[in-house]
Amino acid sequence: MEVREWLKRDRFKEPLLVSCLVRVLFQPSISPQCDDGGVQSIPLHQRPDLLETCADLVNSEWQRSRGARVHSLQKSCQEFPVVLLLLQGSRNGNGGDETLLGHVRLSRVVSHRGSLFVESVVISKAQRGKGYGRTIMQEAERYARAKGFSRLCLTTHDKQHFYAHLGYVLSTPVQNAGIMASFVPMEVLGRFSRHTGTNDNLGEVLGGPPPPPRLLPSPSPPSLPTPPALPPPPTASSPPSCLPPPPLLPAQLLVQTLKETPYRDAKGVPIFWMHKDI
Ligand SMILES: CC(C)(COP(=O)(O)OP(=O)(O)OC[C@H]1O[C@@H](n2cnc3c(N)ncnc32)[C@H](O)[C@@H]1OP(=O)(O)O)[C@@H](O)C(=O)NCCC(=O)NCCS
């Protein structure tokens, strides 16, 4: 008899327990992943004991109240957004030497089914320059691929050379669904997106603004719920994030290079858009 059947028929009558066990036993295992140096990545929602340590790590780079940070990190879930942790060493017990090396968040992208948005990449200050930034990005790619995604998108204020070194190319704006995707279906977000359709040929920005904002249907279809207000756009004091798309400078600066960008965040700080096909 198959294990799945055995679990259902003979041992466990409680449906919730059965469903949990089936999920654990039969879900494709994509984490944690270990390399030879004892470094592994794992979704934060599988290690809630690391919530506060993770909040401190992210706050060491982008200041915010600890409560607010923990609250935001608690949104990590299997359905996105997901927070991936980079860990080294072994877990607790006597002599446990586990260290949190880094953090990255992955969210869905509105109207781009194959893309994920990478945010808040951070390696702890003491561990920078040792290759862990590259490792956490590789882990993000591995996680995304295993979930069926084929592109990672991101914005950065000043790490465009780091990302270019890892194979990212300059790109055009997309709309980060962030936590919205956890309570509004992606199809509904897509309908209200400011970017119409998908642009599978992003590449370097050769000039010209992103597509004009799409007008809301009028009157709204009665079957569609009105989405809640979107989260605010990125600012210089927060990790780059992307709702709504940033305003552009005047026409003479519309070429994006690794040195110059026409894009600005909500505070007017230059921001680079990049992506990588994985
Ligand atoms: C950006 C950051 C994640 C890089 O992590 P890191 O562990 O220091 O980087 P790594 O040691 O893995 O570097 C990997 C490669 O990128 C290169 N690199 C690192 N930082 C770079 C930079 N700013 N510009 C260009 N190349 C860079 C390294 O030389 C290395 O090259 P190599 O593998 O060919 O030797 C880290 O510096 C950090 O957390 N910074 C603060 C938070 C931040 O700004 N995050 C980005 C938000 S968009």
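Order of listing sets the numbers, starting from 1, for every ligand and every atom in it.
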Below 4.0 Å, non-hydrogen atoms only: which portion of [X] touches ligand 1? Side chain, backbone, both or neither.
X: His165; answer: side chain
X: Arg134; answer: both
X: Lys159; answer: side chain
X: Lys130; answer: backbone

Element-labelled atoms of ligand 1 that are located less than 4.0 Å from some non-hydrogen atom of [X]:
X: Gly133; result: 5 (O), 6 (P), 7 (O), 9 (O), 10 (P), 12 (O)
X: Gly131; result: 10 (P), 11 (O), 12 (O)
X: Tyr132; result: 7 (O), 12 (O)
X: His161; result: 24 (N), 25 (C)
X: Val122; result: 39 (O)

Donor-acceptor contact below 3.5 Å, side chain [X] vs main chain [Y]:
X: Ser41; Y: Leu85; result: no
X: Gln127; Y: Ile123; result: no
X: Gln256; Y: Phe272; result: no

For atom 20 (N) of ligand 1, which of Phe272, Tyr163, Trp62, Phe162 has the closest heavy atom?
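When every heavy atom of Phe272, Tyr163, Trp62, Phe162 is considered, Phe162 comes closest to atom 20 (N) of ligand 1.
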
Val121, Leu154, Thr155, Ile271: member with heavy atom nearest to atom 43 (C) of ligand 1
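Heavy atom nearest to atom 43 (C) of ligand 1 belongs to Val121.
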
Partners of Asp158 by side-chain hydrogen bond (donor to acceptor under 3.5 Å, both in side chains), sequence neighbours excluded?
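With sequence neighbours excluded, Asp158 shows a side-chain hydrogen bond (donor to acceptor under 3.5 Å, both in side chains) to no residue whatsoever.
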
Interatomic spacing from CG in Leu166 to NE2 in His161 - rounded to 0.5 Å:
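Between Leu166 CG and His161 NE2, I get 13.0 Å after rounding to 0.5 Å.
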
From OG (Ser76) to CD1 (Ile179), nearest 0.5 Å
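Going from the OG atom of Ser76 to the CD1 atom of Ile179 covers 12.5 Å.
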
Ring centroid separation for Phe149 and Phe117, is it under 6.0 angstrom?
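No, the ring of Phe149 stays outside the 6.0 Å limit from the ring of Phe117, centre to centre.
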
Val104 side chain near Val83 side chain, heavy-atom distance below 4.5 Å:
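Sidechains of Val83 and Val104: no contact.
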
Min N/O separation Arg128 to ligand 1 under 3.5 Å
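Yes, since at least one N or O of Arg128 sits under 3.5 Å from an N or O of ligand 1.
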
Give yes if a backbone or side-chain nitrogen or oxygen of Gly129 is under 3.5 Å from a nitrogen or oxygen of ligand 1, and no if not.
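Yes; the residue has a nitrogen or oxygen that sits under 3.5 Å from a nitrogen or oxygen of the ligand.
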
After noting the C-alpha distance and the side-chain angles of Tyr163 and Lys276, does the key distance pass the side chain to side chain contact (heavy atoms under 4.5 Å, CB included) rule?
CA-CA 9 Å; Tyr163 292 115; Lys276 181 178 180 181; over 6 Å; no

